[in-house]
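For reference, the structure is listed below as structure tokens.
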Amino acid sequence: MAALVFVIFVALAFDFFNGFHDAANEIATVVSTRVLSPRTAVLWAALWHLVAIILGTKVAATIAKDIVVPTVFTTGVVFAGLAGAILWDIITWYVGLPTSSSHALVGGMAGAAVAKAGWGSLIGSGFQKIAVYIVMAPIVGLLLAFTVMSAVYWAVHRYRKVERLNRGFRRTQLVTSAAMSLGHGTNDAQKTMGVILVLLIATHHLPVTASVPLWVKLSALVAISAGTAAGGWRIVHTMGSRITKLQPVAGMSAESAAAATLFFTAHAGIPVSTTHTITGAIVGVGTTQRLSAVRWGVARRVVWAWILTIPAAFAIAWLAELVVKLVA
Amino acid sequence: MRQGRRPLFFAVTCVICLLLVPASPAEFRWVNYATAALAALWAVLLGLEVVAGRGRGERSAGL
């Protein structure tokens, strides 16, 4: 029982780190367009994460049942998987790379499961779905953002009262940033819900067919909100100003496109990265400009971090599981 | 990215979406097709813009 409580605590700590590391991405656009101060933006985002409790739990079910054969999970495997994800998150946070906590979690869980029960413990179709959307989520975000931005330009390009337009877009950004936070809460907090759910099933506290209990939902959302409120300024800097310079209209376009993508994937039960999605959307709005608005060097560095995340978290978790086995 | 490269960028995006169709879950393949169609549309429109020589100075200032 003590081990179970400890690992649930570690899962919530991962969620907190996810908020700290990942959730800052969605406030980057409102900060870089100066719609909100960093402090207010963080509190605004934290509030909307909590509202995500009213949305579904399909992503949690995917994490719990579609990646690793559920019978492989033990308290030790879940702990090792979380250790891999958290360590990779800390490393990438330290060097200021906006990588995906979600894919770190998937890689971590897979690495721990393989160390415990071999490659047969992985569910190919679940991995396939996630792998496809590693690429598709940023592409969908990019294309939607480009389309929204182009449509707005087309609609207002003869309008000369630029200051008034920008004021309007700033107000709209409050709504789109809230939608983005809601999408992030729906997608990312559910991953922790899935981890805790699988832990409760593995320790026979819940039947295999159980859905996510209310206390699990609440604790995961509170943890990710607290993590968001705690900050993550390095990532804000990277996402908001180093990939491309943003105006209010661009921030609104990027956020609405990313939020739409996140709502779709959460509804479909596909765990995607908020980081991937908002980066794709920011690149999309940058691409509408005439010259080299997108700083492809930074974007390329981010892509490398994406490529490394699953294998790196896998390897760390694999080693962690071996240590757990030795200690146990 | 220069204006002239954008049609190619969206054409490549379209091809990537189509290449991922076989790997996508059957119930979500429509997303690949819709995304590929949107990318193809932008590739064509931006290509026409480049050909028509209207690729510069189109945006309203300050937005």
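Convention: sequence-line order gives letters A, B, ...; per-chain numbering from 1.
Contact check for B:F28 versus A:V132: no side-chain heavy atoms found under the 4.5 Å cut-off.
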Side chains of residues 135-149 of chain A: which donor-acceptor pairs under 3.5 Å do they make with residues two or more places apart or in other chains?
residue	atom	partner	partner atom	Å
A:T147	OG1	A:L143	O	2.6
A:T147	OG1	B:W42	NE1	3.0

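Between the A:Q128 side chain and the B:A23 main chain, a donor and an acceptor come within less than 3.5 Å of each other.
At a 4.5 Å heavy-atom cutoff, the contact between B:I16 and chain A is made by side-chain atoms alone.
The greatest number of non-hydrogen atom pairs below 4.5 Å with chain A, out of B:L41, B:V31, B:T13, is found for B:V31.
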